[in-house]
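Reading through the C-alpha cells given below for one structure.
In this chain, residues are counted from 1 in sequence order. In this text the structure is predicted, and so the values were computed from the model without any measurement.
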Amino acid sequence: MDFGLFVPCHRFDASISVKELYGQVLDMVALADEAGFTTAWFPEHHLVQYYASPSPLMWMVKAAATTRRIRVGAAILVIPYYNPLRLAGEIGMADVLCDGRLEIGVGRGAFEYEFDRFGITEEIGAARLREGMEIVEGLLTQDDFSYEGTTCSFGPATAVPKPLQQPYPPIWVAARSPDTIAWALKRGYNLLTTPWRDPFSRIQKHHEQVMQIAASVGVTTPPKLAVSRMTYVGETDGDALEAMADIQVSHRIFMRLFRNQANVKGGFTLPEPVDDEYSREQLLANLVAGSPETCVEKVRAYETLGVSQFILYGAFGPDHSRTMASLRRFAEEVMPHFRKGPRS
C-alpha cells in the first residue's frame, strides 16, 4: 500500500494570509517528499476560503519544482467547470513541467454552494464529466481529433503540448454512484474515495461495491482504490481526542458547503453545527486517530482490505505546528510498519 498526502489549503479566518498559508502547504509537501510519500494531492474549490485552492494544476507545477521525487496529483479537477480543449493542453504542459510526475484525479465536484453559483445541475455535471473525459483523452492521444457531443462539438484539433507520460498521466475518478464507478472502471481509470468522517465500515461497504461492479463490467484485475482519510497521530490517544475538536469544526464547514446551507462572508464559512455531526469520541473511533500504536492498527485495516493508497488528510485545523508534529509522527512511527524497503 502506498501513502499519499492530501493538502487541503484550509484558511479558517483572516489571522493568516494566503501567502503564509501557501508557505505552510509547501512545508507539508517537503516533509512528505523526504518521508517517502508517493503522491501529494491538491484540491480544486472556488469562492470559499475553506479550500483556498482554485487551481490544482498550478499547485502541482509548484510542488514538483520544490521536491525531488514525490508525484503530484489533483484531487480533483472538477471537469464540469472546464472547456476540455483548454484542459487537455494544460494537463500536457503541466506533465512536461513536472517531469512526468503528474496524477490526474477528476470528478463532478462536491459543493452545492459552488454548483449553484456556477449554474451546474447534477445532469449537466454528469454529462460534462463523461464527455469531457472522452475529449481530454482523445486530445491527449491523437492529433487532429474531432468530437460531436451534447455538451461540446468541434472539428479537427490538436492539443499542444502532449504529456511526457504516454499515453497520458494516470487518471483517478472520484466516484460515489454505481453508474460512475462502472463508467470509470470500463474506461480503465483508478478510483478515489473518502468516507468523510464516517466509520471504517463505510469503506468496507464501498470496497465490496467496487469489487462487485468490477466483476459485473468484466474487469478482472482488481482496480486501484485510493482512500483519503482525516488522520491525526498524537503522542497518546488522549492527545488525539483533543484534536477532534478541530475536525468537528471542519466537518461543519464542509457539510454546510456540500448542502448549500452555508453562511459565507468574504469567502469564510461560519462553522455552524449540523444535525448529523459526530461527537469527539465518535470521531476518534471512526478516523485514523490516536497514538502511533493505535494508528498503525487502524491503517493496517486499510491495507488488509486491499486499499492501493492511503491518503493522509492531516491539515484540518489552524495550528500548523500541531499538523506538522502529527505528520512527522505518521512518517516516523506509522509508515515504517508498512515499508517493504527503502525508496531510491
Hey, are Asp179 and Ser177 close enough side-chain-wise for a donor-acceptor pair under 3.5 Å? no
Will you find, in the side chains of Thr39 and Glu103, an N or O donor that is under 3.5 Å from an N or O acceptor? no
Residue pair Tyr81, His46: steps toward the side-chain contact (heavy atoms from CB on, under 4.5 Å) verdict: CA-CA 10 Å; Tyr81 297 163; His46 302 271; 3.7 Å; yes
Side chain to side chain contact (heavy atoms under 4.5 Å, CB included) partner of Thr231, chosen from Leu5, Val288, Val299, Leu287: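 Testing each of Leu5, Val288, Val299, Leu287 against Thr231, the sole residue satisfying side chain to side chain contact (heavy atoms under 4.5 Å, CB included) is Val288.
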Taking all non-hydrogen atoms of both residues into account, name the closest pair between [X] and [Y] and its distance.
{"X": "Pro161", "Y": "Gly89", "value": "CD-O, 3.8 Å"}
{"X": "Ala214", "Y": "Pro223", "value": "CB-CD, 4.3 Å"}
{"X": "Pro271", "Y": "Val249", "value": "CB-CG1, 3.7 Å"}
{"X": "Arg71", "Y": "Gln165", "value": "NH2-OE1, 2.8 Å"}
{"X": "Ala175", "Y": "Leu191", "value": "CB-CD2, 4.2 Å"}
{"X": "Ile120", "Y": "Pro80", "value": "CD1-O, 4.1 Å"}

Would you indicate whether Met93, at its atom CE, is surrounded by more than 12 heavy atoms from other residues, nucleotides or ligands within a distance under 6.0 Å? no
Tell me if the CD atom of Glu235 is crowded by more than 12 foreign heavy atoms within 6.0 Å. no
To the nearest 0.5 Å, what is the distance between [atom1] ([X]) and [atom2] ([Y])?
{"X": "Thr38", "Y": "Phe310", "atom1": "OG1", "atom2": "CZ", "answer": "13.0 Å"}
{"X": "Asp95", "Y": "Leu140", "atom1": "CG", "atom2": "CG", "answer": "9.0 Å"}
{"X": "Arg128", "Y": "Cys152", "atom1": "CZ", "atom2": "SG", "answer": "10.0 Å"}
{"X": "Thr236", "Y": "Asp239", "atom1": "OG1", "atom2": "CG", "answer": "5.0 Å"}
{"X": "Leu284", "Y": "Ile247", "atom1": "CG", "atom2": "CD1", "answer": "9.0 Å"}
{"X": "Tyr113", "Y": "Leu257", "atom1": "OH", "atom2": "CG", "answer": "7.5 Å"}

Ring centroids only, cut at 6.0 angstrom: are Phe3 and Phe330 within range, meaning strictly under it? yes
Step-by-step side-chain contact (heavy atoms from CB on, under 4.5 Å) determination, Leu57 to Met60: CA-CA 5 Å; Leu57 286 172; Met60 292 149 73; 4.1 Å; yes
Less than 4.5 Å apart, any side-chain heavy atom of [X] and any of [Y]?
{"X": "His206", "Y": "Arg202", "answer": "no"}
{"X": "Cys9", "Y": "His45", "answer": "no"}
{"X": "Lys224", "Y": "Gln309", "answer": "no"}
{"X": "Phe268", "Y": "Lys265", "answer": "no"}
{"X": "Arg252", "Y": "Glu272", "answer": "no"}
{"X": "Phe42", "Y": "Val29", "answer": "yes"}
{"X": "Asn260", "Y": "Arg117", "answer": "yes"}
{"X": "Val136", "Y": "Tyr82", "answer": "no"}

Let's go through Tyr189 and Glu137 carefully: what are the C-alpha distance in whole Å and the side-chain angles of both, what is the deciding distance for side-chain hydrogen bond (donor to acceptor under 3.5 Å, both in side chains) to 0.1 Å, and is it a yes or a no? CA-CA 11 Å; Tyr189 298 152; Glu137 192 174 322; 2.6 Å; yes
Short question: side chain of [X], backbone of [Y] - any donor-acceptor pair under 3.5 Å?
{"X": "Arg176", "Y": "Ile181", "result": "no"}
{"X": "Asp33", "Y": "Arg68", "result": "yes"}
{"X": "Glu44", "Y": "Leu77", "result": "no"}
{"X": "Asp144", "Y": "Pro156", "result": "no"}
{"X": "Ser308", "Y": "Leu225", "result": "yes"}
{"X": "Thr194", "Y": "Ser228", "result": "yes"}
{"X": "Arg11", "Y": "Tyr50", "result": "no"}
{"X": "Thr304", "Y": "Ala301", "result": "no"}
{"X": "Arg256", "Y": "Asn263", "result": "no"}
{"X": "Glu277", "Y": "His251", "result": "no"}

Going only through I, L, V, M, F, W and Y residues with side-chain contacts under 4.5 Å, is there a path from [X] to [Y]?
{"X": "Met335", "Y": "Ile70", "answer": "yes"}
{"X": "Phe154", "Y": "Met133", "answer": "no"}
{"X": "Val61", "Y": "Trp59", "answer": "no"}
{"X": "Met255", "Y": "Phe12", "answer": "yes"}
{"X": "Leu192", "Y": "Ile104", "answer": "yes"}

Measure up the Trp172 and Trp41 rings against each other and bin them: parallel (under 30°), tilted (30 to 60°), perpendicular (over 60°). perpendicular
Using the ring of each side chain (for Trp, its six-membered ring), is Phe258 parallel, tilted or perpendicular to Phe254, with breaks at 30° and 60°?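 Because their plane-to-plane angle is under 30°, the rings of Phe258 and Phe254 count as parallel.
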Evaluate side-chain contact (heavy atoms from CB on, under 4.5 Å) for Ser216 paired with Ile213, printing each intermediate quantity in order. CA-CA 5 Å; Ser216 72; Ile213 293 172; 4.2 Å; yes
State whether Arg300 and Glu303 are salt-bridged, where the test is any N-O pair (Lys NZ or Arg NE/NH1/NH2 against Asp/Glu carboxylate O) under 4.0 Å. yes
Please determine if Asp276 and Arg259 form a salt bridge, counting it only when a charged side-chain N lies under 4.0 Å from a carboxylate O.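 Salt bridge: yes.
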Decide side-chain contact (heavy atoms from CB on, under 4.5 Å) for Leu305 and Phe200; before the verdict, give the C-alpha distance in whole Å, the side-chain angles of both, and the deciding distance to 0.1 Å. CA-CA 11 Å; Leu305 186 62; Phe200 177 72; 4.1 Å; yes
